[in-house]
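Throughout, protein chains are lettered first and strands after them, A, B, ... in sequence-line order, and every chain is numbered starting at 1. Owing to the predicted nature of the structure, the values given are computational and were not obtained by experimental measurement.
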Amino acid sequence: MPRFYITTAIDYVNGRPHLGHAYEKVLADAIARRHRQKGDATYYLTGTDEHGQKIARAAAAAGRTPEAFVDELSQTFVAAWKLLDVHYDQFFRTTDRKHHLAVQELFRRLKDGLSPKTGQPVLYEEEYIGLYCEGCEAFKTERDLDGKGRCPEHKVKPKEVKESNFFFRLSEYDDALLQHLESHPDFIWPDYRRTEVVNVIKGGLQDISVSRPNLTWGIPLPEEIEGGEGHVAYVWADALLNYLSALGWPERKYSLWWLAKQKDVGGPGAARQDEFQHLDGQGRPGAAWAGTKDAYYTNAFHVIGKDISRFHCILWPALLLAAGVPLPRQVYVHGFIYAKGERLSKSLGNLVDPVELTKTFGADALRFYLLDSFPTGRDGEFTLEQFVEHVNTHLANKLGNLASRTVTLVQKYFDGKTPEEWAPDSLVSDEAKQGFGALLAAAATTATESPKAWDEIRIHEALEHAWTVVERANEFVDRTKPWELGKDPVRRAELATVLNALLETLRLVAIWAWPALPSKCEALWALLGLQGNPGQQRDADAQPRFGAGDGRALGESVILFPRIDLKSVAGA
RNA sequence: GCCAGGGUAGCUCAGUGGUAGAGCAGGGGACUCAUAAGCCCUUGGUCGGGAGUUCAACUCUCCCCCCUGGCACCA
């Protein structure tokens with residue numbers, strides 16, 4: 001069975017979740033649900049990043065201990081994802097004990113490692129003198145400062161700080177990274193992000209500090225590291241490792257999801273046969289897997305925002321190479337959602353609260369807007385007006401109304417049971433025949449194109465295909481005028497055929513749209529009187545089965561997608 | 001500055017050589033099963049500017065203008 005391991009960035013808990021966080025989780029959730037729907041064994045990891053000076057400071061400002069502070073804030077993320085129907089398999093926190101142990105193991109491996117070019121220790125200690133801005137929690141170079149020698153963001157002069165840090169010899173991994181990017185062209189999506197990363201690497205990499213002295217809110221370096229007392233791991237050397245530690249790394253069980261046997265590979269890039277490599281018992285490439293002849297394939301699919309692509313495309317693979325862990329399959333770099341032309345930011349005051357939106361309009365309305373209204377993974381612009389318009393048009397007016405009018409007609413003329421008759425030849429007018437042909441053709445096209453678009457993560461295209469079928473169905477209703485057929489007992493077979501075509505259309509749409517709209521598609525499924533769940537329907541079930549109904553009773557007629565009246569949510 | 005992407009109807013965008021497209025908004029119409037939704041028809045663009053290649057360019061080449069992203073620590 002194909003296996004699919006998908007992760008999101010873990011969110012830094014110095015504030016509550018905003019729409020950008022929500023977009024990433026919903027996007028990953030839709031991808032994960034698509035894999036589950038196909039029958040792939042799927043593992044979806046998300047969580048929160050809870051260490052670092054900013055959090056320690058925010059906690060202090062709130063008069064709390066860091067522990068209590070992160071406990072509370074991480075719960076706001078858990079609650080938000082629950083509200084949005086984000087179905088993850090594990091919510092991982094970097095304050096988890098097993099994460100501490102894993103980070104320490106990483107440092108031990110770095111300590112023992114030798115650099116690829118000069119064979120020096122991968123980890124080394126060096127005294128560093130620099131200008132440190134406390135607001136940024138970062139060292140600044142002269143170039144970063146404004147004309148008056150101040151941090152442009154915080155408007156304060158950075159302090160000259162002398163401290164001893166441990167450095168990771170990143171500078172020697174440029175060739176290895178370039179080679180990997182060369183032989184794995186789809187390691188980074190989209191292409192232009194890959195180009196950016198290649199340029200950055202070619203411009204030369206600098207060693208990076210991976211520890212922080214004089215900071216307590218973090219993971220202490222292991223005692224094997226001489227001089228490491230009082231240092232904690234740098235937040236990125238800490239945070240990135242969550243993708244492994246959540247799976248149990250360094251215990252071998254991590255390989256259950258991090259790797260896959262050749263026959264079990266799922267997800268993007270699965271067709272690439274040249275990526276298989278043999279691994280030793282530690283999951284290190286190059287040697288045969290202990291006790292088996294199977295080739296293993298790296299299987300991690302990281303979904304991240306474009307702001308952290310350097311960390312995931314350069315630092316992370318370099319750390320993994322140094323630690324002897326196979327690299328992930330792909331880093332999927334998505335765009336940002338903007339509001340009022342600016343990126344979402346607390347200081348700009350244009351944060352859009354996904355929790356409020358969801359409470360007001362429903363999880364599926366927000367999910368649909370995020371997944372359908374702009375191309376998957378690209379930047380998007382949020383406005384309440386566009387949101388309302390998009391949801392009203394597609395969900396309420398088109399799909400919701402089609403379901404509503406179909407169910408009402410079945411209740412009115414067939415006592416709420418699916419008509420057990422199918423007679424396409426009974427359609428008499430040219431208009432009806434053409435409408436019928438157009439509907440069936442659209443359904444056939446979408447049955448082919450929708451799975452393809454889903455698998456290539458062109459979610460907006462997958463949904464567009466499905467909605468084309470909805471549109472053909474609404475046209476078909478108007479062309480065949482079932483309310484007139486209903487008045488004429490002689491034309492009962494024709495009426496039954498029309499309604500069965502509509503019912504089958506709705507069944508298909510419920511399956512095609514389910515990864516994006518899980519709860520509403522399940523409600524639609526129940527409304528259609530169907531057994532089971534659209535999330536359990538495989539691609540074979542998503543092929544058109546136009547024909548006579550089985551006489552089953554439809555569910556109670558409900559408004560699936562209420563129209564949103566912008567005036568009634570004034571103040572929003 | 002360098003690298004990348006983009007400038008097409010009021011708005012959001014699709015369209016890589018052969019008589020300019022979609023959705024929404026605007027205008028008109030017929031209908032009434034339905035969530036005042038749906039259906040039909042329709043107004044609207046010198047495709048950022050200029051030059052070139054070609055029988056033919058939104059589409060290829062060159063130059064210019066403008067916007068956006070990246071150039072290591074905010075999803």
Checking contacts here: which listed nucleotide ([options]) is nearest the side-chain heavy atoms of [X]?
X	options	value
L560(A)	U35(B), U32(B), C39(B)	U35(B)
T408(A)	A34(B), C39(B), G23(B)	A34(B)
E196(A)	G69(B), U32(B), C11(B)	G69(B)
R405(A)	U35(B), G70(B), C33(B)	C33(B)
Q386(A)	U12(B), C3(B), C24(B)	U12(B)

Kindly assign one of parallel, tilted or perpendicular to the pair W81(A) and F77(A), based on the angle between their ring planes and the thresholds 30° and 60°.
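Correct class here is perpendicular.
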Any donor-acceptor pair under 3.5 Å joining the side chain of N401(A) to the base of G38(B)?
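Side chain to base: no pair present.
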Return the pairing partner of C58(B) with a 3.5 Å limit on both distances, Watson-Crick or G-U wobble; otherwise return none.
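In the structure as shown, C58(B) has no Watson-Crick or wobble partner.
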So what's U68(B) paired with, Watson-Crick or G-U wobble, going by both distances under 3.5 Å?
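For U68(B), the partner nucleotide comes out as A4(B), under the 3.5 Å rule.
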Considering just the side-chain nitrogens and oxygens of N474(A), establish if one lies under 4.0 Å of OP1 or OP2 belonging to C39(B).
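Looking at the OP1 and OP2 atoms of C39(B), neither is under 4.0 Å from any side-chain N or O of N474(A).
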Can you name the closest pair of heavy atoms from V70(A) and T95(A) and give their distance?
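Closest approach of V70(A) to T95(A): CG2-CG2, 4.4 Å.
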Does a salt bridge link R405(A) with D478(A), judged by any charged N lying under 4.0 Å from a carboxylate O?
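Salt bridge: yes.
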For F368(A) together with W467(A), are the ring centres under 6.0 Å from each other?
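Close enough - the centres of the two rings lie under 6.0 Å apart.
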Sugar-phosphate only, base, or nothing, as touched by F561(A) at under 4.0 Å among non-hydrogen atoms:
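Counting heavy atoms under 4.0 Å across all strands, the contact made by F561(A) includes a base.
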